[in-house]
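Just so it is clear, the structure is predicted and the values come from calculations on it, not from any experiment. Below, read A as the first sequence line, B as the second, and so on, with proteins coming before strands; counting in each chain starts at 1.
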Protein chains: 4
Amino acid sequence: MFKTIGVFGKYRDATIEAPLKTLTEHLESKGIEVKLGYTTAAEITRDLPQKRLQEHLYQDIDLAIVIGGDGTMLHVARRMAESEVPIVGVNLGRLGFLTDIAQSDMLAEIDAILAGDYVIETRMMLDVDISRNGDKLYRQSALNDIVIGRHAVERLIHWQVHVNGQFVTSARSDGVILATPTGSTAYALSAGGAIMHPGIDVISMVPVSPHTLYNRPITLPGDATLDITIHNRTPDVAHVSADGLIGINLKGDEKVTVTRSQNAVKLVHTESYNYFSMLRAKLGWGSAQQ
Amino acid sequence: MFKTIGVFGKYRDATIEAPLKTLTEHLESKGIEVKLGYTTAAEITRDLPQKRLQEHLYQDIDLAIVIGGDGTMLHVARRMAESEVPIVGVNLGRLGFLTDIAQSDMLAEIDAILAGDYVIETRMMLDVDISRNGDKLYRQSALNDIVIGRHAVERLIHWQVHVNGQFVTSARSDGVILATPTGSTAYALSAGGAIMHPGIDVISMVPVSPHTLYNRPITLPGDATLDITIHNRTPDVAHVSADGLIGINLKGDEKVTVTRSQNAVKLVHTESYNYFSMLRAKLGWGSAQQ
Amino acid sequence: MFKTIGVFGKYRDATIEAPLKTLTEHLESKGIEVKLGYTTAAEITRDLPQKRLQEHLYQDIDLAIVIGGDGTMLHVARRMAESEVPIVGVNLGRLGFLTDIAQSDMLAEIDAILAGDYVIETRMMLDVDISRNGDKLYRQSALNDIVIGRHAVERLIHWQVHVNGQFVTSARSDGVILATPTGSTAYALSAGGAIMHPGIDVISMVPVSPHTLYNRPITLPGDATLDITIHNRTPDVAHVSADGLIGINLKGDEKVTVTRSQNAVKLVHTESYNYFSMLRAKLGWGSAQQ
Amino acid sequence: MFKTIGVFGKYRDATIEAPLKTLTEHLESKGIEVKLGYTTAAEITRDLPQKRLQEHLYQDIDLAIVIGGDGTMLHVARRMAESEVPIVGVNLGRLGFLTDIAQSDMLAEIDAILAGDYVIETRMMLDVDISRNGDKLYRQSALNDIVIGRHAVERLIHWQVHVNGQFVTSARSDGVILATPTGSTAYALSAGGAIMHPGIDVISMVPVSPHTLYNRPITLPGDATLDITIHNRTPDVAHVSADGLIGINLKGDEKVTVTRSQNAVKLVHTESYNYFSMLRAKLGWGSAQQ
């Protein structure tokens with residue numbers, strides 16, 4: 001069972017103070033040790049004991065609870081993945097793709113989880129490795145997507161991609177998104193990609209505003225190795241980011257390799273969770289007809 | 001090894017006679033027994049012995065060779081799937097998604113296959129079952145797609161779909177496509193779906209011209225059970241077809257169930273085959289930059 | 001001013017009876033002669049005097065009021081266009097693209113119109129003329145669109161188009177839509193067309209699920225003459241309809257000509273009308289940020 | 001007639017030297033005074049007299065001939081627009097949307113133009129004006145498009161737009177394109193916009209990868225005034241450019257106004273020019289069927 005729980009609040013958002021206090025008191029009343037995430041603890045100190053503050057606590061907790069939006073959830077989930085800590089998200093009023101528990105149901109849902117009434121859903125992640133002549137320059141993991149996007153506003157990116165060593169295509173575009181099924185409902189969807197059920201093991205490659213109209217999204221096996229190279233004549237046209245975090249600019253002589261991560265995120269869901277209900281609510285899909 | 005080979009030509013196309021004769025003589029010169037597909041034999045009788053003619057020969061052959069386009073290939077592959085006969089396609093001048101051997105390379109490629117230099121690629125198929133109050137009305141398999149499309153030209157189809165018993169969405173549209181990865185480059189692509197690598201185990205659901213703009217393609221696990229129901233007030237608005245074959249009209253009180261088929265198509269490829277090269281050629285994708 | 005007003009209700013919808021009675025009594029109390037549309041009068045006879053019933057009354061009225069949805073509005077507007085009778089739409093609870101007056105505001109809005117507080121917005125229409133060897137086979141007008149769509153469910157339409165005598169393109173697709181700006185938010189939008197402000201004088205040509213990915217919507221000058229021909233080998237693959245009405249099947253040797261109609265629809269708007277507000281409400285567009 | 005002709009070559013491209021020399025000698029042999037564009041003359045000095053060099057010569061010439069691609073053409077055309085100098089484009093081997101004369105036909109086509117066998121096609125331009133509290137910060141014209149795009153790679157732009165003072169929509173996206181019909185086949189097409197025939201007077205607004213799926217391209221009357229404001233909490237998220245030129249970053253308190261320019265580009269076409277042929281060649285559209 002969950003004896004030590006880490007609680008993480010949305011960064012620099014004062015509205016989390018009340019639910020955070022409610023939650024921690026509730027957990028402690030049940031004899032559970034609560035530790036606050038580092039930034040959360042640094043911000044929210046008024047009524048919460050200082051001893052909870054710990055910088056790297058991921059190995060020490062059995063469960064992570066996030067109070068915030070999908071952005072906070074993405075951030076914490078990436079860090080939990082390494083130590084295989086399961087994670088559950090409580091939204092602040094607006095249903096998220098990842099934060100499916102409403103604040104009003106928080107205590108009841110958490111109690112259900114503490115009582116063992118939950119399932120773990122594993123979500124694949126992607127790793128991006130950037131190297132130049134074999135020297136490693138950058139490495140990051142992403143739960144949503146790796147994006148190679150425009151850094152120089154006035155230029156298209158000329159890129160090409162190999163999959164498992166086989167040349168696939170070259171294109172000029174605003175960028176290219178490599179998305180997990182989790183990320184298929186994020187930026188990849190805006191760029192015209194299809195939604196991927198989280199139960200499938202795939203990597204979606206979605207070109208962004210491709211110059212050539214027939215460069216369409218392609219979905220690849222989850223165990224594929226994607227190598228992307230940049231072919232602009234001038235450097236610093238392209239930028240690589242993971243889950244929207246600032247990454248690095250590319251000179252053009254790097255190799256950008258994207259593969260499925262060895263780590264995965266373990267989402268905790270109670271029985272109130274339903275993937276398709278969430279999609280309908282988030283995307284405005286039609287309701288059942290009588 | 002392949003001792004008995006079935007040869008199938010494009011239906012009602014006189015241009016197949018020459019390559020068909022070349023191929024059968026070549027195979028027979030190597031001691032292989034050749035059997036012509038029923039319609040092929042019925043049409044092409046001039047120089048080819050009548051004894052080859054057999055109606056249902058699928059259990060009796062070790063390999064099927066198709067000379068024609070993707071349409072012929074789809075048709076024959078569906079029938080081979082049941083008896084697990086591997087199949088290879090020779091195109092008539094225009095590269096197909098499924099008929100990857102050029103006519104000019106036919107004998108060399110077939111010799112390579114006879115010498116054992118080939119791989120088998122398994123392609124999943126879909127089954128559609130249509131029932132009313134438990135009575136089975138229709139069953140068909142498809143290598144590309146099951147399409148629920150408009151029969152009455154002036155009306156949109158009101159449909160809704162459940163996946164594994166869970167309600168997903170309702171929509172009004174020209175139709176909905178349930179596609180295999182093989183079919184993802186056919187009608188589903190025209191309707192805005194993403195390309196699915198044949199190595200992944202998924203079913204793509206692609207609404208056709210949906211009235212509500214946010215009904216986007218969704219890709220589901222290959223083992224999902226999709227139940228589609230029609231909710232128009234008038235009957236015969238919708239029609240179900242498999243791989244473009246005429247199917248049946250729906251009254252509206254049927255249940256249309258789509259699942260992965262137990263059978264699969266076994267495509268034979270020589271080392272000259274490369275999925276991504278084929279995509280580039282078919283879709284006009286960019287070539288490698290120096 | 002408006003001395004004689006025609007009132008048209010949604011076909012076979014009993015819920016219009018109450019607002020219809022309210023409206024006609026209100027108008028008559030102001031000394032206005034009210035005439036009911038033919039089908040409306042035939043259905044709703046209980047409390048409404050029989051003398052109002054007249055079959056072809058379009059020349060005899062100064063204003064048409066429609067109570068119903070966009071479908072009813074399209075139908076009546078097309079008929080009013082010839083006699084240049086202005087028209088206003090009252091919706092039955094759900095805002096329409098064309099029926100912008102809410103039922104709850106009906107009497108106040110109609111009073112504003114009677115008081116002269118309104119503007120007339122002219123909406124272009126399209127004519128479709130179908131001929132074979134110079135013989136005219138069919139002619140219809142449309143406020144939304146002319147659609148050449150699939151009649152035979154299993155086949156793509158092979159079509160080509162000339163504009164002002166110049167060859168534009170050939171394509172294989174589910175069909176092609178020729179839309180007015182009014183129709184740009186209807187079927188053309190579902191098929192991937194752009195929204196056209198009604199103040200511009202254009203004809204949008206939108207291919208439906210084109211087989212070749214680069215066949216994109218193109219918007220042409222309003223005075224263009226579009227000639228479409230069908231090139232399937234078998235007849236009756238294509239069907240032409242206007243505003244969703246059943247039209248005729250094409251054998252393949254016809255010429256289908258689409259031009260801007262000499263007639264136009266005159267929509268009456270009060271000052272409460274705002275095109276962009278209507279779009280936001282209908283399409284779910286974002287509201288203003290503070 | 002054309003007595004003084006300005007000749008402009010692609011910037012920093014040595015391959016223009018030969019056709020440039022051929023062209024200028026040909027023109028001078030006919031008694032026409034030739035002036036080289038400033039950058040062109042500065043680069044190509046070997047065999048061409050220095051006296052041709054003049055920095056601001058736009059008022060002094062009767063015709064501009066561009067040898068290069070669409071980029072060069074865009075650049076020169078924008079400058080010619082003010083002084084109403086007609087312009088014609090010769091491509092360097094690859095047909096352009098704007099440079100329709102093949103190098104091999106150059107002398108014959110130019111002779112036709114000199115003989116008066118040409119038409120002038122007027123292409124509208126857009127002006128963008130950026131101001132803060134009434135202070136003008138930036139002004140630029142564009143033949144293709146005004147783009148408000150991401151400057152900060154990791155953030156979406158929150159923007160909203162008013163047309164003629166009426167609120168239209170707010171959205172979060174990678175950016176928004178305001179395109180002329182000329183620009184409708186450039187970036188706007190990649191971002192999902194429809195093609196606009198150059199004979200129509202419209203401004204296309206195309207959101208780039210909008211977060212909300214129903215924010216679709218909308219085409220507005222050419223005389224519309226578009227006011228765009230940025231609503232991100234952090235400055236410098238958005239950047240405004242005209243025809244791909246580096247423009248300025250936005251703090252967020254600016255008003256960006258886009259209107260049709262008073263100037264227009266006058267393209268010179270010989271009878272060999274055909275807009276639809278050019279589209280077919282550039283976009284891979286289908287050829288006429290027999």
Participant: Would you call N274(A) and Q166(B) a side-chain contact if the rule is heavy atoms closer than 4.5 Å?
Facilitator: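 N274(A) reaches Q166(B) side chain to side chain.
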Participant: For residues R280(B) and F167(A), report the shortest heavy-atom separation together with the two atoms involved.
Facilitator: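 Answer, listing the atom of R280(B) first, then F167(A): NH1-O, 2.7 Å.
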Participant: Determine the option with the most heavy-atom pairs under 4.5 angstrom with chain B, choosing from V163(A), D201(A), T229(A).
Facilitator: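 With the most close heavy-atom pairs to chain B, the winner is V163(A).
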Participant: Compare every heavy atom of A194(A) with every heavy atom of A194(B), then report the nearest pair and how far apart it is.
Facilitator: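 The pair with the smallest heavy-atom distance is CB-CB, 4.1 Å.
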Participant: Answer yes or no: is there a donor N or O on one side and an acceptor on the other, between the side chain of R216(A) and the main chain of G193(B), under 3.5 Å?
Facilitator: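 Checked: pair present.
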Participant: Just give me the residue among S184(A), G192(A), P217(A) that pairs up with chain B most often, heavy atom to heavy atom, under 4.5 Å.
Facilitator: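 The answer is P217(A).
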Participant: Any side-chain heavy atom of H197(A) sitting closer than 4.5 Å to one from T219(B)?
Facilitator: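 No; the side chains remain at least 4.5 Å from each other.
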Participant: With a 4.5 angstrom heavy-atom cut-off, is it the side chain or the backbone of V202(A) that approaches chain B, or both, or neither?
Facilitator: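 For V202(A), the side chain is the part near chain B, not the backbone.
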Participant: Is it true that atom CZ of R132(A) has more than 12 heavy atoms of other residues, nucleotides or ligands lying nearer than 6.0 Å?
Facilitator: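 Atom CZ in R132(A) is packed in, count exceeds 12.
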Participant: Between L279(A) and I218(B), is any pair of side-chain heavy atoms under 4.5 Å apart?
Facilitator: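 SC-SC contact between L279(A) and I218(B) confirmed.
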Participant: Look at atom NZ of K282(A) and say whether more than 12 heavy atoms of other residues, nucleotides or ligands are closer to it than 6.0 Å.
Facilitator: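 Correct, the count exceeds 12.
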